[in-house]
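As structure tokens, the structure follows; a few thoughts come after it.
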There are 4 protein chains.
Amino acid sequence: MRDGQSTRRRIDDAALRLFVAKGVTETSVRDLAQAAGIAEGTLYRHYASKDDLVADLFAGNYAAFARRLAGLERLDDVVAEVFRFHDENPTLFRFLLLVQHQALPRVPDGADNPVSVLKALIERGIREGAITLTDAALGTAMVLGLMLQPATAVVYGRLDPPLSRFAATISAACWRALNPPKDTDHA
Amino acid sequence: MRDGQSTRRRIDDAALRLFVAKGVTETSVRDLAQAAGIAEGTLYRHYASKDDLVADLFAGNYAAFARRLAGLERLDDVVAEVFRFHDENPTLFRFLLLVQHQALPRVPDGADNPVSVLKALIERGIREGAITLTDAALGTAMVLGLMLQPATAVVYGRLDPPLSRFAATISAACWRALNPPKDTDHA
Amino acid sequence: MRDGQSTRRRIDDAALRLFVAKGVTETSVRDLAQAAGIAEGTLYRHYASKDDLVADLFAGNYAAFARRLAGLERLDDVVAEVFRFHDENPTLFRFLLLVQHQALPRVPDGADNPVSVLKALIERGIREGAITLTDAALGTAMVLGLMLQPATAVVYGRLDPPLSRFAATISAACWRALNPPKDTDHA
Amino acid sequence: MRDGQSTRRRIDDAALRLFVAKGVTETSVRDLAQAAGIAEGTLYRHYASKDDLVADLFAGNYAAFARRLAGLERLDDVVAEVFRFHDENPTLFRFLLLVQHQALPRVPDGADNPVSVLKALIERGIREGAITLTDAALGTAMVLGLMLQPATAVVYGRLDPPLSRFAATISAACWRALNPPKDTDHA
DNA sequence: TATGAATGAGCCTTCATTCAT
DNA sequence: CATGAATGAAGGCTCATTCAT
């Protein structure tokens, strides 16, 4: 370690930054080593391969994010927490978005998957009658869209940060998306 | 030309398919040539470079998509049209999603940009009093999310196609997202 | 044929120009076709291959040049004729210089080889006692150098054209190079 | 490193040899790697590109050659030194000849340019009255020709090595070329 | 642990040449 | 004769990974 930061940490930080800025495939091990201030070979003392680095980086942070959401009882709190997470570290948020979308092995459903956590909450809402929409998968997709697309707009500069200031508006939109006027719900 | 299909067309079809399946960077010119049933060099009689192929493929279809939306007057029609476009050619839809997100040069606003078309429609709604939400950029992001995330869910098998069957539900959700209860709208 | 110029001629002119400007290997058949205003395939109606074009172009002009020198009786006339040839068509002159130097198959000695013609003249001078230097090969090299290096200087802009104005000075230098003071001639 | 020779050195030696034997463009990186006993990628640890290798090889040796000539006071010494340089490493000599002629960026005048060093010497001779020819550029070209064309003859087997044995004869020829009979000097 | 030179497979692209029209 | 799309071998170069130090 050096400068009060472990080599591992330096690699992770550089990786996150470069992956978001240039894309995973477009970032070479040489780029990573240079940005982290280490030798190329050193990376392999910490990760078995570049793919491994990507997978570890994703899995760890994705699960940590899921755990942040896991305890929450209300949809409003989920939206607020997601936005807070984004505002704390937009780069990490963007990395999760990016890599999830891309050619990576699908993460299985479960407690480590933020999407699963959200879906479970919605399913409970439906079961308990608090949500009238009957299709939980559709509801999850809509709520996801209401959160992620504004986040993307912030990333691309089409909306000014912090994202948190939209929490109330978007919470309301989520709520109403999940509780459509009777005759609009599809069979 | 051969087999009643122009070489150009064969390249475009193969490219769309492979780019979506494996990613743009992950698809080699070798892959493309093989899938299109042509020699590697032949690709360069039709496109100046691989990048050019990607850019042309994107620009052409993105603009065509924008034009499909350009004439529509109502948000419901936009949602229906977007979903119809998706159901007609999910691969093309996914390609546009994928490449837009990636490291490509940002497409300027205007009539050739579907997002701009949507935003203009929302702005008109706000101006005319049909929409009470005051932030058009936020509204655009929410509507986009309500359409794209369910589309993504279909692509990933978390929702069964066709996407069109959700049109009514999602239109309603869009509408209500754009017309929040008074006290939820942020300043 | 077109524009009063045969296709063959158009190819030859373009080839000479491009070969001199960019080098033979660096000039592609595509370049040639474009510069000559013909299709790529058309070149092969006139030459069996690109190598053939180069060889024909060289052999024809090299031999023609040799024939221009063949009848001359005096060294002064050779110098004057070489310089006149250069000034008439510097590009052609430069092409012969360039290609001779390069990886082309060596041209055999004989009447079609300007160097052989020059050497024969010098050998006759030695035989007849007009030249005191005994090594004809060395004499040929020196005379060649006295002509070609000033020509090269003109090509590179280190000397102002026309080359012909140096004819007298260089003729004199050639003559004195071939007739060294007694004790300087090597054994 | 391996076999008591640095990788860099192995590359340089192989490059010099192949460039002279087949030409620069005609020598592929594959050829170079094979001849040097290294992997293709290894070349790029030492040079940024093939062009870079050529340029470095030329610039370094050209300048070193110029420095060998820089201190000399007499034209005889220059001729002797040039010929000694040739006889020590004909391949290197030929490489400098070849590449200088070719499409490389022109080397600026100055202390690192052997031609400039020669020209400066001749200019001094003219200034000091030791040389009667008034055109220094022409004189430089002639002296260059008297040295280089015999060297070329040796390379092509038209003259037997070593070149040094012609030093006296050629020095005399240079001297007389620079001091023409009065009425032959051009205006 | 850390290093960085070496590797060789694979990438994008160019090229001379062919051939159906 | 002329065309130009198609070819596929070869070119220069990059890359993730290994290993002796």
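Both backbone and side-chain heavy atoms feed into the values below; hydrogens, waters and symmetry mates do not. Below, chains carry the letters A, B, ... as their sequence lines are ordered, and counting in each starts from 1.
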*Could you state the CD1-P distance from D:Ile38 to F:dG12, rounded to the nearest angstrom?*
13 Å
*Figure out the CG/P separation between C:Leu43 and F:dT3, and round it to whole Å.*
11 Å
_Under the side-chain hydrogen bond (donor to acceptor under 3.5 Å, both in side chains) test, residues paired with A:Asp112 that sit two or more places apart_ = none
*For A:Asn61, check side-chain hydrogen bond (donor to acceptor under 3.5 Å, both in side chains) against everything at least two apart and list the hits.*
none
*Of all residues at least two apart in sequence or in a different chain, which pass the ring pair (Phe, Tyr, Trp, His ring centres under 6.0 Å) check with C:Phe85?*
C:Phe65
_Rounded to whole Å, how long is the line connecting atom CD of A:Gln34 with atom P of F:dA16?_
13 Å
*With a 4.5 Å heavy-atom cut-off, do D:Tyr62 and D:Val99 have their side chains touching?*
no
*What pairs of residues pass the salt bridge (charged side-chain N to carboxylate O under 4.0 Å, His left out) test when at least one of them lies in residues 90-100 of chain A, not counting sequence neighbours?*
none
*asked:* In this structure, how many angstroms lie between the P atom of F:dA6 and the CD atom of B:Gln5, rounded?
replied: 13 Å
Donor-acceptor contacts under 3.5 Å from residues 29-44 of chain A side chains, at least two apart:
unit_1	atom_1	unit_2	atom_2	d
A:Asp31	OD1	A:Ser28	OG	3.4
A:Asp31	OD2	A:Lys22	NZ	2.8
A:Asp31	OD2	A:Ser28	N	3.1
A:Asp31	OD2	A:Ser28	OG	3.2

*According to a strict under-4.0 Å criterion, is B:Thr7 in side-chain N/O contact with OP1 or OP2 of F:dA6?*
yes
_Just the rounded figure in Å: distance from P of F:dT14 to OH of D:Tyr47._
17 Å
_Check: D:Arg17 and D:Phe95 side chains under 4.5 Å, non-hydrogen atoms_ = no
*List the protein contact pattern of nucleotides 13-21 of chain E with one symbol per nucleotide (5' to 3'): B for base contact, S for sugar-phosphate-only contact, - for none; contact means a heavy-atom distance under 4.0 Å.*
BBSBBB---
*Spacing between D:Arg10 atom CZ and E:dA5 atom P, to the nearest angstrom*: 16 Å
*Please list, chain by chain and in numerical order, all residues satisfying ring pair (Phe, Tyr, Trp, His ring centres under 6.0 Å) with A:Phe19, sequence neighbours excluded.*
none
*Report the distance from atom CG of A:Leu32 to atom P of F:dC15, rounded to the nearest whole Å.*
11 Å
_B:Arg9: salt bridge (charged side-chain N to carboxylate O under 4.0 Å, His left out) partners, not counting sequence neighbours_ = B:Asp13
*Check whether any side-chain N or O of A:His46 sits under 4.0 Å from OP1 or OP2 of E:dT1, and answer yes or no.*
no
_Just to be sure I follow the notation: if a pair is Watson-Crick (purine N1 to pyrimidine N3 plus N6-O4 or O6-N4) or a G-U wobble (N1-O2 and O6-N3), each under 3.5 Å, what dot-bracket string does DNA chain F give, with | for pairs to another strand?_
.||||||||||||||||||||
*Starting from C1' on F:dC13, measure out to CD1 on D:Ile11 and report it in whole angstrom.*
14 Å
